[in-house]
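Bear in mind the structure is a predicted one, so any value in this text is a computation, not a measurement. Chain naming here is simple, since letters A, B, ... match the order of the sequence lines and numbering starts at 1 in each.
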Amino acid sequence: MPYIPHTDADRAEMLALIGVDSIDDLFREIPPNLLLKPGELNIPSALDESRLFAHLRELSLKNISVNDVTCFLGAGIYDRFIPATVGAVISRGEYLTSYTPYQPEASQGYLQTIYEFQTMIAELYGMEVANASMYDASTAMAEAAIMAIGIVKRDRVAVSSAVHPHYREVLQTYAWALGLEVVTIDAHDGKTLDFSLVQDCACVIVQSPNFFGTIESLSLARQAATDHGALLVVVSDPISNALLKPPGAYGADIVVGEGQPMGIAMGFGGPLLGLFACKKEYVRQIPGRIVGKTTELHGDREGYVMTLRTREQDIRREKATSNICTNQALMALAATVYMTALGKNGLQQIATSSVRNAQYAIQALQSSGGKLRFRDNVFCEFVLDLPADAGTVRDELLKMGILAGLPLGDYYPGLSQCLLVAVTEMRTRDEIDRYAAALKKVLANLNSKPYAEARN
Amino acid sequence: MPYIPHTDADRAEMLALIGVDSIDDLFREIPPNLLLKPGELNIPSALDESRLFAHLRELSLKNISVNDVTCFLGAGIYDRFIPATVGAVISRGEYLTSYTPYQPEASQGYLQTIYEFQTMIAELYGMEVANASMYDASTAMAEAAIMAIGIVKRDRVAVSSAVHPHYREVLQTYAWALGLEVVTIDAHDGKTLDFSLVQDCACVIVQSPNFFGTIESLSLARQAATDHGALLVVVSDPISNALLKPPGAYGADIVVGEGQPMGIAMGFGGPLLGLFACKKEYVRQIPGRIVGKTTELHGDREGYVMTLRTREQDIRREKATSNICTNQALMALAATVYMTALGKNGLQQIATSSVRNAQYAIQALQSSGGKLRFRDNVFCEFVLDLPADAGTVRDELLKMGILAGLPLGDYYPGLSQCLLVAVTEMRTRDEIDRYAAALKKVLANLNSKPYAEARN
Amino acid sequence: MPQPESIFAKSRPGRVGTNVPTCDTPQVDLVSTLGDLRENLRLPEVSELDLLRHFTNLSHITYGIETGFYPLGSCTMKYNPKINEKTAALPGFAGLHPMQPASTAPGAFELLRSVQEMLCEITGFSEVTLQPLAGAHGEMTCLMLIKAFHASHGEADQRTVVLVPDSAHGTNPASAARCGYSVKSIPTDEGGNTDLTALAGALDGEAGKSVAGLMLTNPSTLGLFEPNIERICEMVHAAGGQVFCDGANMNAMVGTTRPGDHGFDCMHLNLHKTFSTPHGGGGPGCGAIGLKAHLEPFLPTPVIRRSQNGSVWLDSDRPNSIGRVSAFYGQFLMEVRAYTYLRAYGKEKIADISRHAVLNANYVMARLKDVLPAAHNRPCMHECVLTAERYKREFGVKALDISKRLIDYGFHPPTNYFPLIVPEAIMIEPTETEAKETLDAFCDAIILICEEATFQPELLHDAPSTQIVGRLDETKAVKELNVTDLHL
Amino acid sequence: MPQPESIFAKSRPGRVGTNVPTCDTPQVDLVSTLGDLRENLRLPEVSELDLLRHFTNLSHITYGIETGFYPLGSCTMKYNPKINEKTAALPGFAGLHPMQPASTAPGAFELLRSVQEMLCEITGFSEVTLQPLAGAHGEMTCLMLIKAFHASHGEADQRTVVLVPDSAHGTNPASAARCGYSVKSIPTDEGGNTDLTALAGALDGEAGKSVAGLMLTNPSTLGLFEPNIERICEMVHAAGGQVFCDGANMNAMVGTTRPGDHGFDCMHLNLHKTFSTPHGGGGPGCGAIGLKAHLEPFLPTPVIRRSQNGSVWLDSDRPNSIGRVSAFYGQFLMEVRAYTYLRAYGKEKIADISRHAVLNANYVMARLKDVLPAAHNRPCMHECVLTAERYKREFGVKALDISKRLIDYGFHPPTNYFPLIVPEAIMIEPTETEAKETLDAFCDAIILICEEATFQPELLHDAPSTQIVGRLDETKAVKELNVTDLHL
Ligand SMILES: Cc1ncc(COP(=O)(O)O)c(C=O)c1O
Ligand SMILES: Cc1ncc(COP(=O)(O)O)c(C=O)c1O
């Protein structure tokens with residue numbers, strides 16, 4: 001086995017030095033009835049590297065990936081451009097195989113990239129500080145709610161129904177375990193407008209652009225939060241922040257988001273990257289790792305360390321700001337490389353392209369029989385109202401090589417004829433035209449066939 | 001353009017310092033009639049990275065690769081196992097983007113790998129020294145012939161007809177340019193036996209295993225070379241040397257070979273790796289780079305440098321041992337990683353597997369209507385005599401997903417019904433069985449259809 | 001090597017670091033389309049080459065497993081096979097959208113289910129979910145299952161305490177707190193085992209009725225197998241509690257013994273430790289959990305199942321589920337790596353992992369026994385916990401000083417000051433992928449350093465002296481907090 | 001950092017560094033199947049992890065473009081885009097066998113032909129072949145074409161001399177020798193141009209009839225454009241000779257001017273220079289050649305053509321061909337990279353290459369003019385040749401000393417002692433991919449070093465002092481020749 005270097009000679013010498021006869025001896029404290037017999041485990045047999053790769057390749061080819069279809073599916077995970085430099089950097093063994101930089105002197109390189117990541121995320125969100133990463137947006141949002149609870153000392157949080165349903169589910173799970181209450185603010189026409197439920201809540205959570213793609217009124221949300229003595233927590237797609245006035249500029253207290261669109265493969269939803277930023281006054285309540293700049297103890301060279309460590313579980317234990325330990329460092333590095341590669345201009349360019357493509361798609365798909373469900377400004381995702389069951393339409397379009405979007409019926413029973421459509425910079429006019437043409441055809445077929453029943 | 005960092009401000013400052021008004025001014029020594037107008041070149045328009053990759057992927061998908069078919073084609077280029085570690089190492093930017101280590105102190109890492117490469121190649125071939133690489137086996141063989149000419153001072157070389165036809169073509173080209181004569185020794189029954197033509201030749205070149213897969217009698221060749229006062233040049237697949245008594249042990253003067261099977265993608269035949277080893281007494285006649293170990297000028301740390309530099313073109317110019325300058329360093333590194341990964345046991349294991357698979361294939365294909373054309377020992381490649389045109393059979397088998405081998409008619413008119421079949425460690429019993437079954441079917445069809453005419 | 005510049009210092013307005021996709025749809029007016037726009041965006045602007053130089057040179061001052069020995073205790077810094085990176089990069093995995101119709105990703109679900117099944121077999125549990133995103137997240141999920149279990153018996157309000165040994169990793173109490181539990185610490189006895197008397201006390205009578213469960217690390221963070229494990233589980237069960245296994249130390253047990261057989265009700269795994277998904281500088285982790293049948297109803301949704309006929313399906317109809325704990329199916333591309341790893345070992349060789357991990361740890365412990373005695377004189381499992389107490393007492397040299405000096409010798413330091421109950425703890429986990437010569441070189445260095453500690457303690461106090469920076473001022477980092485580039 | 005060990009020193013009998021394919025066909029007796037077997041095989045035996053550590057740590061002491069500035073003159077060390085590595089790794093390219101039926105690789109041939117066509121357009125020649133495997137190989141192939149051309153006129157025996165400027169790269173005369181030509185050196189005049197009088201002399205009368213051709217580097221190795229190029233080509237043609245362009249310096253001309261328009265009959269290109277295929281530590285190179293119609297009949301086989309209808313085909317019926325110069329279609333995966341590179345620039349931006357390459361070189365020349373004067377006071381092209389003669393004369397500091405000292409400042413040295421005609425030559429080729437700040441930092445370092453040369457010359461003599469080794473003893477390397485590991 002190439003992963004284990006021991007030769008018979010090695011084993012013999014080592015056992016002799018230890019002073020035992022066999023490796024079995026080393027396990028003598030395990031009650032014998034708990035020991036497995038050699039080969040007892042019923043798992044598949046070993047595959048050599050070449051067969052193993054062939055086997056995995058075969059498994060992978062059973063899936064339909066974005067290479068096989070044209071992707072208009074978003075809903076928080078986006079098919080965006082990933083520069084080749086991202087992979088070149090994060091595959092370097094030094095980054096890939098190191099761990100949390102507990103020994104800063106031996107990890108200055110990685111620490112510096114984390115510090116740069118924090119800077120870029122804070123800048124993007126218009127916030128003062130950002131941490132080194134969270135698992136994903138859903139858990140980042142739950143952590144933000146819990147952080148708000150700790151700051152405001154109320155045991156209830158309000159969340160808009162226009163926040164990603166999965167994130168809300170995760171929030172619900174976390175809240176249940178802690179005995180907290182989650183109140184849901186129903187969005188009106190795809191937008192969060194009525195904040196009366198925020199009363200007595202530690203925070204109000206809105207997403208902008210929200211799950212429907214609509215840009216929320218963050219000034220309204222800010223005002224409502226202030227009025228009710230609550231914190232404003234905003235979930236925000238980082239890419240949209242390249243153009244939009246960022247949540248920080250509206251006075252958000254905590255901003256979280258999903259970093260996947262910034263250089264990370266969709267990867268069936270993992271690994272992702274939870275972004276977490278807040279006002280400086282709350283930095284001591286922040287969950288997770290945070291890297292700071294300092295100088296040598298006995299010198300004046302600058303260097304980086306993990307800091308505010310007394311917030312963390314390994315030191316503060318049950319009083320820690322969170323239980324998070326391992327975070328998503330490598331994904332944060334990917335996003336750092338991504339933001340560096342695109343820079344100001346590149347990021348604004350792809351964001352603008354997404355807006356243009358989405359606007360074009362809105363026109364094209366509307367002239368194919370769809371209707372824009374909500375009227376407010378969208379970034380690059382929108383809800384298309386169809387004269388048929390959205391799931392059926394999605395399935396039909398898939399046969400034509402188009403991953404048309406997300407049918408919303410499962411999440412919002414009233415929207416079963418609605419499709420959430422995302423259009424990123426990766427799509428071309430031609431692809432959008434083909435989508436529109438295919439949609440027209442599908443709708444025509446559905447109306448002329450027994451399918452028509454679905455409309456009733 | 002991300003490859004060119006200049007901003008307008010940069011350009012302006014630079015031009016000011018240089019003291020010219022525009023970049024055009026810098027080209028003022030070029031006669032104006034020779035200057036192109038902006039955009040004058042008729043090449044395709046620029047593609048952004050994402051579209052560029054998609055375009056290349058599309059082009060690549062037009063080809064049938066070994067991922068799509070089962071490969072029994074060899075003839076000097078082999079579908080062999082490549083450990084994942086090879087790619088991980090040679091893609092590291094430090095190796096990928098450095099150049100010939102003219103400044104040894106800044107390139108000790110690469111130099112050490114070359115020294116280790118030379119050691120491994122010398123060991124594999126049983127020779128005393130090896131150089132840092134040649135372009136490919138064909139040019140290495142031509143260089144070996146020219147080196148022999150220089151040593152023995154005769155202007156004629158003998159080469160067996162059982163040497164790879166392409167290598168012989170290249171030799172012929174080189175020889176023609178230098179006014180040298182190449183005499184070809186006809187192999188008998190796939191083996192080189194009659195060495196009478198070696199008379200007056202500077203060297204005799206044999207390949208073992210030869211183009212037909214047959215293991216040549218190197219002792220016979222050595223004796224003949226000695227008898228005629230010629231050098232013995234052997235072309236040899238490095239993998240076969242894992243098991244076979246190496247050419248060096250038979251007293252070969254120069255050994256060359258194709259390093260592709262050692263960790264290098266087939267890549268439509270490039271980049272490849274020319275291997276070149278010889279006796280120590282000829283080291284000052286060796287073409288190309290060679291790395292040696294030395295110590296510091298003013299210290300005793302050991303280090304590596306390119307050595308015997310006075311053989312080379314940049315110093316010796318028209319008197320150099322060769323005109324080669326840039327060689328195949330990265331491919332040599334790939335082979336070094338490969339030989340390290342497999343080591344003694346791994347290399348012998350895959351060589352043995354190849355032998356076993358080939359022997360099994362010989363049996364299987366013979367029972368499907370093929371006949372072994374030659375009777376001598378083979379390593380892992382053999383000539384199958386078919387009751388039909390080999391090209392036709394190959395084409396039919398390709399439709400069934402089998403890349404059956406090389407039809408020999410183009411190279412040896414007498415062998416137009418013969419297929420050169422290679423079986424490496426990558427093939428499984430099942431794949432060989434499927435080949436045999438397919439061959440049976442194809443031959444049955446050909447015999448029953450108008451195709452039968454082809455046999456006349 | 002000079003101090004590396006900040007990427008922002010390298011930035012020049014107008015540079016681009018990549019060729020972003022061009023756009024061929026009509027222009028739009030951004031203000032009327034979007035509303036309020038941002039004023040500026042201070043991101044770095046550098047060329048591709050300067051980008052690569054920045055991150056390449058920073059990588060050169062980042063110590064990884066592929067640089068050298070990384071015996072960070074409790075972290076299982078084993079070799080991460082390169083083939084795993086190749087399989088995880090396959091477009092048919094990397095290019096999947098988590099919300100595409102399940103029917104279009106049968107290969108992905110087959111893989112996930114197979115990982116679950118192999119982990120079930122290896123841990124001895126009846127079901128596994130891969131939704132938790134790291135170890136701590138797995139702990140928390142397990143506690144949620146336990147909470148739901150008690151709730152299903154109407155004992156949610158009654159059982160509010162989780163017992164946690166004093167040697168436990170910090171995530172254990174923190175995860176308990178995350179589930180609204182209060183934590184009661186259970187001491188470790190002289191021999192390094194759970195103090196059974198104290199445990200009995202905590203489980204006794206009324207106190208016992210308030211106990212939701214026990215979080216036990218086995219082997220413990222002392223690197224010792226808990227010989228009374230069966231008894232302990234019985235005691236907790238008798239009191240109506242559940243027993244969770246912190247499986248960070250599974251590397252000692254793979255193929256040798258199964259926590260499910262020990263009596264545990266559930267456990268978490270760190271696939272980034274035991275099953276070699278790369279640590280990535282601090283994640284992504286990968287936190288599978290295993291559990292017994294009585295906890296299955298509460299599994300987070302969705303649940304990936306295999307039906308009798310072998311086909312894999314998604315079970316979303318789970319009325320008793322605790323709900324989602326993360327957005328999608330877990331760290332999918334990490335599961336691809338773990339799957340690749342497991343299939344490379346296979347049933348034939350899987351036990352070699354724990355056997356050599358334990359062999360290596362005992363070898364290091366034996367080689368160092370004269371200079372750094374083990375906290376307990378027993379065979380250790382996959383790691384050994386030594387104490388530098390003597391050096392602190394006699395020469396003012398702390399465990400941390402020894403660690404920093406190891407950096408000068410080219411090694412990554414072991415874990416320090418954990419577990420908290422061992423004074424001046426040095427926790428060494430070599431893993432099975434290290435060769436004897438590497439262990440010898442490391443032990444030789446420690447022996448030398450211990451000699452230095454005696455005769456030239458300043459060498460240790462001043463260490464490291466070979467790195468881009470010397471020892472850093474952590475207090476200043478907190479006091480003069482600077483966590484984003486202020487010069488922006 | 002300690003001196004790295006040899007991989008053989010790390011070897012232990014029985015270790016394996018990879019999981020090789022298993023075999024499921026029957027065992028055979030090797031002796032009876034194969035004949036004489038070898039006795040032993042001394043290759044390294046190490047684990048995968050130790051393999052990776054070895055090559056990772058060696059990479060850390062290898063300077064590449066991605067480490068820092070690499071202004072090695074004549075070598076065009078420009079950025080090698082990462083996207084090119086991705087396209088070259090596509091299985092549909094990397095997994096092709098060169099002898100598979102041509103009909104099964106239409107994408108590959110389309111790509112090759114497209115590269116040929118783009119290079120034709122860029123160089124101004126009517127045909128290109130990609131068979132040569134490096135620059136020198138391309139030179140040799142060009143000379144072979146010239147030889148075949150003369151032979152077709154019955155002048156093969158008569159034309160035996162090739163004219164080569166004294167400033168030429170060593171491969172030029174060596175390639176001429178490889179084609180059986182004798183070499184006559186043509187001097188460079190005071191101004192840095194070809195000495196037209198000397199050239200005229202060499203072409204005059206009988207001498208002229210023996211001339212097969214002239215090998216001219218344009219821009220010359222002095223980094224200067226040959227302003228008389230048209231006249232020179234006419235002179236050689238008038239004498240019945242052919243003119244070959246050494247195209248190693250094409251980076252100065254891409255999109256700006258075309259050698260085909262200058263009057264050259266053929267040229268070689270180094271795709272690993274101008275078109276950014278990575279240098280790989282000394283190869284693979286990639287040596288395309290361009291030629292005019294009169295040389296086409298002699299092209300090496302096979303020739304990739306495009307027919308009227310746009311389809312690409314292989315022309316093997318070439319009775320006048322010089323034959324094959326390499327085994328297959330050239331450095332195919334390098335052509336994939338070059339293609340990717342060319343398509344990234346496109347017609348719109350292709351001229352930016354030469355324009356910024358020339359801008360950068362002139363900037364460096366201007367910044368350094370007071371400390372290291374240029375050999376000629378003219379605008380340079382893509383590189384500038386400076387002389388350190390004064391430092392040698394006045395302080396005993398050689399060009400090499402300055403170069404070695406640059407290593408201490410974190411830069412790769414320029415080319416030294418080439419071209420041979422410039423005393424203490426320092427040849428700096430920045431390439432277009434370097435930012436102004438990088439050039440400034442480099443120039444600042446040179447200026448500082450030149451000051452050091454004046455006041456502390458020993459700093460330069462002893463340089464470098466920051467690397468894993470100090471200056472090495474090259475004489476000893478030759479005298480005590482050790483080119484394989486003798487301890488084996
Ligand atoms: C014993 C123990 N438990 C739990 C954890 C937490 O795992 P993670 O860091 O993946 O959240 C760790 C690792 O850091 C650990 O060592
Ligand atoms: C001017 C010149 N001509 C020819 C060559 C030879 O090219 P190659 O090294 O690719 O054989 C070189 C490069 O080294 C060169 O600089």
Side-chain angles (χ1 to χ4, degrees), chain B residues 5 10 14 18 29 45-46 56 59-60 62-66 83 89 93-94 97-100 105-106 109-110 119 122 135 138 166 169 173 177-178 245 265 267-271 292-294 296-297 303 307 313-314 317-318 320 323 325-330 341 343-344 346 353 356 360 429, chain D residues 17-18 20-21 23-25 36 41 43 45 55 58-59 61-66 87 90 92 94-96 98 104-105 107 133-134 136 170 173-175 177 179-180 183 225 279-285 323-324 327-328 331-333 346 363 366 435-436 467 469-470 472-473 477 482 484-485:
Chain B
D10 292 334
M14 294 170 81
I18 297 168
E29 297 202 349
S45 281
L56 269 290
L59 265 182
S60 78
K62 288 186 182 162
N63 305 316
I64 294 176
S65 82
V66 285
V89 170
E94 299 90 333
T97 71
S98 62
Y99 201 18
T100 311
E105 302 85 0
Y110 216 129
T119 303
Y135 301 137
S138 77
H166 286 191
E169 284 185 54
T173 306
L178 278 169
K245 184 168 159 184
F268 213 39
K293 203 173 194 170
T294 183
E296 291 174 320
L297 257 178
T307 192
Q313 45 71 31
D314 49 340
R317 302 178 75 84
E318 63 267 32
N323 67 333
C325 176
T326 300
N327 56 32
Q328 300 286 112
L330 196 72
K344 171 190 167 155
S353 302
R356 285 165 59 177
Y360 182 76
R429 182 180 197 137
Chain D
T18 190
V20 301
C23 186
D24 61 358
T25 51
D36 287 347
L41 181 61
L43 290 180
E45 298 175 61
F55 292 103
L58 289 181
S59 83
I61 47 171
T62 300
Y63 193 103
I65 298 173
E66 288 169 16
T87 57
L90 282 163
L96 299 182
T104 60
L133 300 175
S175 296
C179 292
V183 171
F225 193 88
H279 285 77
R324 264 179 209 280
F328 304 108
Q331 310 267 29
F332 176 70
L333 296 178
Y363 181 72
K436 176 173 176 295
Q467 303 298 299
V469 290
L472 291 165
D473 189 341
N482 170 354
T484 59
D485 199 331

### Query
Atom OH in B/Y135, atom CG in D/L133: separation rounded to 0.5 Å?
7.0 Å
Measure distances from [X] to the heavy atoms of chain D and classify the residue's part below 4.5 Å as side chain, backbone, both or neither.
X	result
B/S65	both
B/A122	side chain
B/V66	both

### salt bridge (charged side-chain N to carboxylate O under 4.0 Å, His left out) against B/E94, all qualifying residues, sequence neighbours excluded
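Result, salt bridge (charged side-chain N to carboxylate O under 4.0 Å, His left out) vs B/E94: A/R92, B/R92.
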### Task
Could I get the full list of salt bridge (charged side-chain N to carboxylate O under 4.0 Å, His left out) partners for B/K245, not counting sequence neighbours?
none
Which pair of non-hydrogen atoms, one from [X] and one from [Y], has the smallest distance, and what is that distance?
X	Y	result
D/L96	B/N63	CD2-CB, 3.5 Å
D/A177	B/L178	O-CD2, 3.3 Å
B/C325	D/A136	N-CB, 4.4 Å
B/Y110	D/T62	N-OG1, 3.0 Å
D/V469	B/G303	CG1-CA, 4.4 Å

### Which atoms of D/L90 approach chain B - backbone, side chain, both or neither, heavy atom under 4.5 Å
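For D/L90, the side chain is the part near chain B, not the backbone.
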